[in-house]
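Notes follow the structure.
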Amino acid sequence: MNVRRLIPTAALSCAALLGLTALTACGSGSAAADRKGGRLDVVASFYPLQFLTEQIGGDHVSVTSLTKPGVEPHDLEISAKQTAKLNDADAVVYLKGLQPAVDAAVKQADLKTKVDASTLTSMEKHGNEVGGHAAAHDPAAGEDDHADHGHSHSESGDDPHIWLDPVKYAEVAKGVGAALAKADPAHAADYTKNTDTLVTKLGGLDKEYAAALKNTRAKVFITTHAAFGYLAERYGLTEEAINGLDPDSEPSPARIKDLQKMAKADGVTTVFYETLVSDKTAKTLASDASLKTDVLDPLEGITDKSKGTDYFSVMRSNLTALTTALGTK
């Protein structure tokens with residue numbers, strides 16, 4: 001497995017200890033005086049954090065993403081221009097461990113406000129297979145009750161795909177909102193209001209997923225790489241990934257054979273692929289096992305191939321794809 005993709009299980013930053021923010025210890029919490037158009041200049045590492053920051057910041061922030069649409073975030077390389085942009089910003093919102101080039105640039109940048117999304121929610125280890133059976137047996141189980149039930153096979157590591165779980169994404173939103181309020185106290189009330197609005201919308205999305213996936217005929221789905229582990233655990237499903245956490249790795253013949261057997265045994269109808277990674281392996285597996293293919297978007301970026309124009313519309317498209325593939329009782 002590509003170890004550069006893993007998120008270290010290091011001790012939480014001082015921000016995590018405060019419970020709401022991921023501000024650096026040296027930060028004074030005040031925004032830089034020289035802001036474009038009077039707005040807080042924020043750099044986000046990739047789309048999910050860009051979207052979240054824009055929703056919370058509203059008219060008070062100017063958000064730039066380091067990852068252009070159509071670029072696979074894990075493979076991002078930072079240009080000199082982007083490094084300069086980062087150094088000139090008031091704040092950065094990123095996910096440590098997802099993009100090594102971003103981590104290195106952020107570490108070197110002299111910024112007062114560095115918001116690391118990985119410190120704002122609990123991270124879990126996921127491998128090729130991620131099961132949500134514990135949550136399915138006990139719907140009342142909370143985050144702490146089933147945090148250790150993810151299954152690890154040949155590849156495992158702290159899974160960065162927290163934004164695909166609306167509940168975890170809402171936790172990140174709260175932390176980002178608190179960080180922006182601290183960095184720009186003059187508009188703290190607006191940041192708090194916008195955060196509450198976003199968290200409410202994410203709560204609604206969570207309820208939609210829970211209701212739609214509660215009584216599906218099948219509970220197992222196959223994806224190209226293990227991006228949907230948190231989602232699977234949240235809603236009592238099991239994700240079987242062809243390539244594990246690394247979308248660029250090649251599955252072994254034994255893994256393909258196992259997936260074919262599993263698909264037949266568990267009533268799997270569909271192999272899901274994604275828009276930013278080659279669909280060759282998924283379509284080959286589907287053809288050999290007489291299965292359908294469809295898109296399940298890990299929402300790492302919005303392009304003209306996306307089945308939606310923003311986080312919520314793509315997540316609802318994903319829900320439709322899942323319910324269609326899993327069927328109803």
Side-chain angles (χ1 to χ4, degrees), residues 4 7-8 10-68 71 73-74 76-121 123 160 162-163 169 171-188 190-192 194-195 198:
R4 66 185 174 83
I7 296 179
L12 296 180
S13 66
C14 62
L17 296 177
L18 291 174
L20 286 175
T21 67
L23 304 181
T24 56
C26 62
S28 65
S30 62
D34 184 18
R35 288 193 270 158
K36 294 182 178 180
R39 294 186 293 174
L40 197 69
D41 186 10
V42 184
V43 171
S45 57
F46 72 131
Y47 175 74
L49 299 182
Q50 174 192 0
F51 177 78
L52 184 149
T53 304
E54 289 173 340
Q55 293 293 303
I56 295 171
D59 294 336
H60 302 310
V61 300
S62 173
V63 186
T64 303
S65 177
L66 293 174
T67 308
K68 296 179 180 179
V71 174
H74 309 97
L76 178 70
E77 297 297 334
I78 303 292
S79 68
K81 184 177 180 180
Q82 288 176 312
T83 300
K85 171 66 177 174
L86 180 62
N87 285 321
D88 289 340
D90 297 321
V92 61
V93 183
Y94 72 115
L95 180 56
K96 188 176 181 181
L98 178 69
Q99 299 169 288
V102 173
D103 294 349
V106 170
K107 186 177 181 180
Q108 295 296 322
D110 183 19
L111 293 174
K112 291 181 178 179
T113 303
K114 298 179 181 181
V115 188
D116 175 7
S118 74
T119 68
L120 301 176
T121 186
M123 307 294 290
I162 49 179
W163 64 91
Y169 198 45
E171 291 172 353
V172 174
K174 292 176 183 177
V176 170
L180 293 179
K182 187 174 181 180
D184 183 17
H187 300 112
D190 287 341
Y191 295 137
T192 299
N194 292 344
T195 299
L198 179 57

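Values below: all heavy atoms of this structure, side chains included; hydrogens, waters and symmetry mates excluded.
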Exercise. More than 12 non-hydrogen atoms from neighbouring residues, nucleotides or ligands closer than 6.0 Å to CG on Asn87, yes or no?
Worked result: yes
For this session: Give a yes or no on whether the backbone of Val42 and the side-chain of Asp90 come within a donor-acceptor separation of less than 3.5 Å.
Result: no
Exercise. With distance as the sole test, does Asp116 use its side chain to make a donor-acceptor pair with the main-chain N or O of Lys96 at under 3.5 Å?
Worked result: yes
Identify the heavy atoms of [X] and [Y] that sit nearest to each other, and give their distance.
X      : Y      : result
Ser118 : Met123 : O-CG, 3.7 Å
Thr113 : Ala183 : OG1-CB, 3.6 Å
Ala179 : Val115 : CB-CG2, 3.6 Å
Tyr47  : Ser65  : N-OG, 4.2 Å
Val106 : Leu86  : N-CD2, 3.9 Å
Ala44  : Val63  : CB-CG1, 4.1 Å

Seminar exercise, completed: Sequence neighbours excluded, the answer for side chain to side chain donor-acceptor pair (under 3.5 Å) partners of Asp190 is His60
Problem set entry | Under the side chain to side chain donor-acceptor pair (under 3.5 Å) test, residues paired with Gln55 that sit two or more places apart | none
When rounded to the nearest 0.5 angstrom, what is the spacing between [atom1] in [X] and [atom2] in [Y]?
X      : Y      : atom1 : atom2 : answer
Leu98  : Leu49  : CG    : CG    : 8.5 Å
Thr67  : Glu77  : OG1   : CD    : 11.0 Å
Thr121 : Tyr169 : OG1   : OH    : 13.0 Å
Ile78  : Lys85  : CD1   : NZ    : 13.0 Å
Leu76  : Lys68  : CG    : NZ    : 10.0 Å
Thr195 : Leu52  : OG1   : CG    : 8.0 Å

For this session: Would you please name every residue forming a ring pair (Phe, Tyr, Trp, His ring centres under 6.0 Å) with Tyr94, sequence neighbours left out?
Result: none
For this session: Quick one: do Leu180 and Thr53 satisfy side chain to side chain contact (heavy atoms under 4.5 Å, CB included)? Show the steps, please.
Result: CA-CA 9 Å; Leu180 293 179; Thr53 304; 4.3 Å; yes
Exercise. Side-chain contact, heavy-atom cut-off 4.5 Å: Val172 with Leu95?
Worked result: no
